Amino acid sequence: MSFSHKILAWYGEHQRDLPWRKTRDPYKIWLSEIMLQQTRVAQGMPYYHRFLEAFPTVRDLAGASEEKVLKLWQGLGYYSRARNLHATAKMVVGEHGGEFPRTYEGLKSLKGVGDYTASAIASFCFDVPEPVVDGNVYRVLARYFGVDLPINSTEGIKYFKELAREVMDTQNIRDYNQGIMEFGAIQCAPKKPYCLLCPLNESCVALKEDKVARLPVKLNKTKIKERHFNYVVFLDDNGHTLMEQRRGKGIWQNLYQFPLVESEQELDEASLQQEIKDKNGIPELGSLTLYNTDGPIVHKLSHQHLHTKFWMAKTPGILEEGVHWNKIAAFPVPVLIADFIKTFKI
DNA sequence: AACGCGGGGAA
DNA sequence: TTCCCAGCGTT
């Protein structure tokens, strides 16, 4: 039996019951694929249901505000996915009459839809014989065929894509693509796969050469940047606070936060007061009270550690631009801010 | 070609 | 702790 037929047979026996496998609706498939980029199924699942409830069709999504889209995305990370999702929904409605493109190239032209996602939508919805190559597929192919080219090198990416194309089942592309990814997720797992029970163990090169644990090869560990955040949480006599929207290029673009003072080192109250004097846009304030007195909260992203202090600023009088504390739940905020709001009691 | 971009679960 | 997840866009 060929590689692809073994994958298909395994998939027939072991596939999970996932909602996006019950449909060929490009909107639902697209939504699920964007959400699952670099995201586990278990993490994305509740978001998928909430999005479909809030936006049953691509027109509903296109008609929503970006703020509402980001709010629903809150906590899922990689927020450019949400911004691109929204932009693409508008594009599909405005330029394509509400219909998704049906070709690989057409799909790939959409914002947020790259090589993998275009192949996934094309094959799942329209039976286009394009191979999907995601993290699972890299692992399965690298091990089964004993390929030690780095999966994140230009040469490796090209090689694995061609290999994937050679071994795919063009007649059952939908189930085959789903199957090889499912196989990688469940059977050919990253750590300690149970090769004894694997239906492909007789012909797996990595198993034969005892290289399972070392494949696939991946280069470049991301170095972590240490940053120091000081959030100033204003509270006036009306129970209003200040929120600002993050602009520019970095993390959490278009999400909201309390007024932020970033510094090279950890700040105490005096040095923070000095920093604020040099910064315009922040109102005059009296004394600052540190909220997290046990030490900075370290919010860990995959590429940054954010050492964070929340400073309470009780402000006499009224904040003109303020928003009532009871209203801030509607703002899309990073998990770091959401966690603070959750624990802080006025 | 290299880098930036979140958050969480598993071992 | 470390790894990595149905990757993509920018530089």
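A note on names: the letters A, B, ... follow the listed sequences, proteins ahead of strands, and every chain is numbered from 1. Fair warning: this is a prediction, and the values are worked out from it, not measured in the lab.
Between the CG atom of L306(A) and the P atom of dC5(B) there is a distance of 10 Å, given to the nearest Å. The distance between atom CE of M35(A) and atom P of dC8(C), rounded to the nearest whole Å, is 16 Å. In this entry the distance linking CG of L110(A) with P of dG7(C) reads 18 Å, nearest Å. A straight line from CG of L76(A) to P of dC5(B) spans 17 Å, rounded to a whole angstrom. Taking atom CD1 of I251(A) as the reference point, atom P of dT10(C) lies 19 Å away to the nearest angstrom. Rounded to an integer number of Å, the gap from CG of N152(A) to C1' of dC8(C) is 14 Å. Spacing between atom CG of N136(A) and atom C1' of dC4(C) amounts to 10 Å, rounded to whole angstrom units. F183(A) has its CZ atom 18 Å from the C1' atom of dC5(C), to the nearest Å.
If you check every strand for non-hydrogen atoms under 4.0 Å, D115(A) touches sugar and phosphate atoms only. Nucleic acid contact for V113(A): sugar-phosphate only, since backbone atoms but no base atoms lie under 4.0 Å from a heavy atom of the residue. Residue contacts for Q253(A): at a heavy-atom cut-off of 4.0 Å it reaches no nucleic acid atom on any strand shown. Residue W20(A) is classed as a base contact, given a heavy-atom separation below 4.0 Å to a base. Among the protein residues, R139(A) comes within range of the sugar-phosphate backbone only, with heavy atoms under 4.0 Å from sugar or phosphate atoms but none that close to a base. G250(A) comes within 4.0 angstrom of the backbone, heavy atoms only, and of no base.
Side chain S302(A) to base dG6(B): a donor-acceptor pair is found below 3.5 Å. Remark: the T39(A) side chain and the dG6(B) base include a donor-acceptor N/O pair separated by less than 3.5 Å.
Comparing R81(A) and S153(A), the nucleotide of DNA chain B nearest to each residue sits closer to the 5' end for S153(A). Nearest-nucleotide positions on DNA chain C place S32(A) closer to the 5' end than the other of K111(A) and S32(A). Mapped onto DNA chain C by nearest heavy atom, G112(A) and Q43(A) fall at different nucleotides, with Q43(A) at the one closer to the 5' end. Mapping R227(A) and K192(A) onto DNA chain B via the closest heavy atom, the residue that lands nearer the 5' end is R227(A).
Under 3.5 Å, the side chains of Q178(A) and R21(A) contain a donor-acceptor pair of N or O atoms. Under 3.5 Å, the side chains of Y116(A) and Q37(A) contain no donor-acceptor pair of N or O atoms. In this structure, a donor-acceptor pair under 3.5 Å is present between the side chains of S203(A) and Y144(A). Side chain to side chain, D134(A) and N136(A) meet the donor-acceptor criterion of an N or O pair below 3.5 Å. Side-chain atoms of Q265(A) and H228(A) include no donor-acceptor pair closer than 3.5 Å. Checked by atom type, the side-chain pair E275(A)/S263(A) shows no donor-acceptor distance below 3.5 Å.
Of the candidate nucleotides dC5(C), dG7(B), dC8(C), dG7(B) has the atom lying nearest to any side-chain atom of L301(A). Between dA6(C), dG6(B), dT2(C), one nucleotide has an atom nearer to the side chain of K191(A) than all others, and that is dT2(C). Checked against dC5(C), dT1(C), dA6(C), the side chain of K300(A) finds its nearest nucleotide in dT1(C). Checking dT11(C), dA10(B), dA6(C) against every side-chain atom of K249(A), the shortest atom distance belongs to dT11(C). Counting only heavy atoms from C-beta on, Y78(A) has its side chain closest to dG6(B) among dG6(B), dG7(B), dA6(C). Residue V335(A) has its side chain nearest to dG8(B) when only dC5(B), dG7(C), dG8(B) are considered. Here the side chain of Y116(A) is nearest to one of dG6(B), dG7(B), dA6(C), namely dA6(C). Comparing dG7(B), dC5(C), dG7(C) by their nearest atom to the side chain of Q37(A) picks out dG7(C).
Distances shorter than 4.0 Å separate none of the side-chain N or O atoms of R40(A) from OP1 or OP2 on dG7(B). Proximity of W30(A) to the phosphate of dA6(C): no side-chain N or O atom is located under 4.0 Å from OP1 or OP2. Of the side-chain N and O atoms in S80(A), none sit less than 4.0 angstrom from OP1 or OP2 of dG4(B). Contact annotation: Q38(A) does not reach the phosphate of dC5(B) (side-chain N/O to OP1 or OP2, under 4.0 Å). Put simply, H303(A) has no side-chain N or O that comes within less than 4.0 Å of OP1 or OP2 on dG4(B). In this model, the phosphate group of dA6(C) is not approached by any side-chain N or O of Y138(A) to a distance below 4.0 Å at OP1 or OP2.
Atom P of dC8(C) sits at a distance of 22 Å from the matching atom of dG8(B), rounded to the whole Å. The same atom, C1', is picked in dG6(B) and in dC3(C); the two are 15 Å apart, to the nearest Å. When the C1' atom is compared between dC5(C) and dC5(B), the two are found 14 Å apart, to the nearest whole Å.
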Walk me through whether D175(A) and N172(A) qualify under side-chain hydrogen bond (donor to acceptor under 3.5 Å, both in side chains). CA-CA 6 Å; D175(A) 284 343; N172(A) 303 281; over 6 Å; no

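Taking the ring centroids of F340(A) and Y291(A), they lie under the 6.0 Å cut-off.
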